[in-house]
Peer 1: 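I am attaching a structure below and will ask some questions about it afterwards.
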There are 2 protein chains.
Amino acid sequence: MSLASDRAKPNAAKPTLYKRIRLDIETRILTGEWPPGHRIPFEHQLMARYRCSRMTVNKALSELAQADLIERRRRAGSFVRRPQHMSAVLKIADIRAEITALGRAYGYQLIDCRRRTATSADRARLGVSTAGKVIAIACRHSADNVPFAVEDRLIDLSTVPEAAKADFAREPPGSWLLHHVPWTEAEHTISAVVADDHTAKALDIAVGAPCLVIDRYTWRSARTVTAVRLHYPGETHRLVARFKGG
Amino acid sequence: MSLASDRAKPNAAKPTLYKRIRLDIETRILTGEWPPGHRIPFEHQLMARYRCSRMTVNKALSELAQADLIERRRRAGSFVRRPQHMSAVLKIADIRAEITALGRAYGYQLIDCRRRTATSADRARLGVSTAGKVIAIACRHSADNVPFAVEDRLIDLSTVPEAAKADFAREPPGSWLLHHVPWTEAEHTISAVVADDHTAKALDIAVGAPCLVIDRYTWRSARTVTAVRLHYPGETHRLVARFKGG
DNA sequence: CACGATTATATGTCTAGACATATAAGTCAA
DNA sequence: TTGACTTATATGTCTAGACATATAATCGTG
């Protein structure tokens, strides 16, 4: 067909056709030229405009629908979606990676590590009912020898039995878990507190200074993996999140 | 072809074939049966296993690749990706919607609203160099008559001229912007501070109590829209984020 | 053994059809 | 006017091919 030779033109644009279609539409939406609720051209119209088959425009539109930029309705057409909420992609890499990425020297101290049968408090924190074995860890992360965060963690050994063999004096539990327990899900709760005596000492800040607290509860396939609470000195540490309207 | 009749079986599974393929592979990855680095079957093998055309398995694999669950390499095959970071989808709806969703009564008070030519401090905060007009707003949100957050916002009128006509005594600026300036991008910085005199009074908390601070810088197509700083009482408010390993 | 050229192969994109399906819109009767 | 039925249509999924392209593997040569 003729299109093949069109694509074979030496000065042809680099991106493939469906990507160009997607980008064209995306641009019109993002600039506001096509506001929320606007019906974008039907597939057969786009076929004519771009001189391509339906599968090609369908691929472009499907990806836009997957990204929630448009909504597709049978018989009615495709419409620019109204933004309902802001959703952030907040990268919380493991702390070692985070510090290393900042070009700072990572330091780690294990404060306490003990294996025990889950207490009722442990079970409540992990959200499990059976009293299996757990590992409780307290440790501290530092950047350029300045305290960066203190960590208080519980690992459910019935979900991650391999953790019994890990050496948490050498490797931070967050890094170990990230590399040994892939594809977890988690729920984070972020709050602010003032430093108590114990936290202040560990972070080398004043009692009463603000701290950012992250509680992370992690599971894999409905099984609890770990629960962790991180204290960051609030005046120096910041979580940065890039958002995308949607 | 025979597949059509297979799909037409009255007791056939509801989801379409490519979705079934995608789910099958996703399940194996999420359960750890196929660990990171594992090469998943070639397209022609999946074609044989599911008795379908290459486009169908390709669609399933493409979506998995888009979701960063697998990595596809020409000539080599498709591989389960190693999780590098945790990415959170942190929903920060506009505050009115957030409070309403909690089933609480939303209250709003405009504290101060003035229009002015951007000062150098304003320009620095918005990240613009030209001295256009801006709107500076201070307001407070409450839930069930309890202070929920105080807001300090700057809107760039050269990007959003319609904002000049908005009535921010009636409608919170966040809600107004969300509905009138779709498809923005934003960067959030979350930190913790202790309440100063002014903030303590506005939030009805003690001086020195912890506060969660969110700085949000919003733009659309390379143009600054607004910069806002929100103070939340840290002991009562929590940001919750669902995460997905990846 | 090192290194450049060749080849085989898996993915990337695309076509020109097809039938399925949800549903907006129109039609008709009560 | 209202509700039930029919129809038209846009999307959803799928096929059986095709050529393009990046690159792992092989081969041959110095």
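Proteins come first, then strands; the chains are lettered A, B, ... in the order of their sequence lines, and each starts at number 1. Excluded from the calculations below are hydrogen atoms, water molecules and symmetry mates; all remaining heavy atoms, backbone and side chain alike, are included.
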Peer 1: Checking A:Ile25 against A:Leu46 for the side chain to side chain contact (heavy atoms under 4.5 Å, CB included) test, could you report, in this order, the C-alpha distance in whole Å, the side-chain angles of both residues, the deciding distance, and whether it holds?
Peer 2: CA-CA 10 Å; A:Ile25 296 171; A:Leu46 293 169; 4.2 Å; yes
Peer 1: Taking the six-membered ring of A:Tyr108 as reference, does the NZ or CZ atom of A:Arg96 fall below 6.0 Å from its centre and within a 45° cone about the axis?
Peer 2: no
Peer 1: Verify whether one side chain among A:Arg153 and A:Thr226 offers a donor that lies under 3.5 Å from an acceptor in the other.
Peer 2: yes
Peer 1: When you check every protein heavy atom under 4.0 Å of nucleotides 4-11 of chain C, what one-letter string (B, S, -) results, 5' to 3'?
Peer 2: ----BBBB
Peer 1: What residues in residues 22-30 of chain A put a non-hydrogen atom under 4.0 Å from any atom of DNA chain C?
Peer 2: none
Peer 1: Check whether any side-chain N or O of A:Thr224 sits under 3.5 Å from a backbone N or O of A:Leu126 as a donor-acceptor pair, and report yes or no.
Peer 2: yes
Peer 1: State whether A:Thr56 places a side-chain N or O below 4.0 Å from either non-bridging phosphate oxygen (OP1 or OP2) of C:dT15.
Peer 2: yes
Peer 1: Round to the nearest Å and state the distance from B:Leu46 atom CG to D:dC14 atom C1'.
Peer 2: 16 Å
Peer 1: Does CG belonging to B:Asn145 count more than 12 external heavy atoms closer than 6.0 Å?
Peer 2: no
Peer 1: Think A:Lys59 has a side-chain N or O under 4.0 angstrom from the OP1 or OP2 of C:dT13?
Peer 2: yes
Peer 1: Could you tell me how far apart A:Leu17 (CG) and C:dT13 (P) are, to the nearest whole angstrom?
Peer 2: 11 Å
Peer 1: Check the angle between the aromatic planes of B:Trp219 and B:Tyr217 and answer parallel, tilted or perpendicular using the 30° and 60° thresholds.
Peer 2: tilted
Peer 1: Please give, in whole Å, the distance from C:dG12 C1' to B:Gln66 CD?
Peer 2: 14 Å
Peer 1: Looking only at side chains, do A:Arg72 and A:Ser78 share a donor and an acceptor under 3.5 Å apart?
Peer 2: yes
Peer 1: Please state how far atom CE in B:Met55 lies from atom P in C:dG17, giving the value in whole angstrom units.
Peer 2: 16 Å
Peer 1: Apply ring pair (Phe, Tyr, Trp, His ring centres under 6.0 Å) to B:His38 and list each qualifying residue two or more places apart in sequence or on a separate chain.
Peer 2: B:Trp34
Peer 1: In whole Å, what is the span from the CD1 atom of B:Ile21 to the C1' atom of D:dT13?
Peer 2: 12 Å
Peer 1: Rounded to whole Å, please give me the gap between NZ in B:Lys19 and P in C:dA20.
Peer 2: 18 Å
Peer 1: Do any N or O atoms from the side chain of B:Asp215 and from the backbone of B:Arg229 form a donor-acceptor pair under 3.5 angstrom?
Peer 2: no
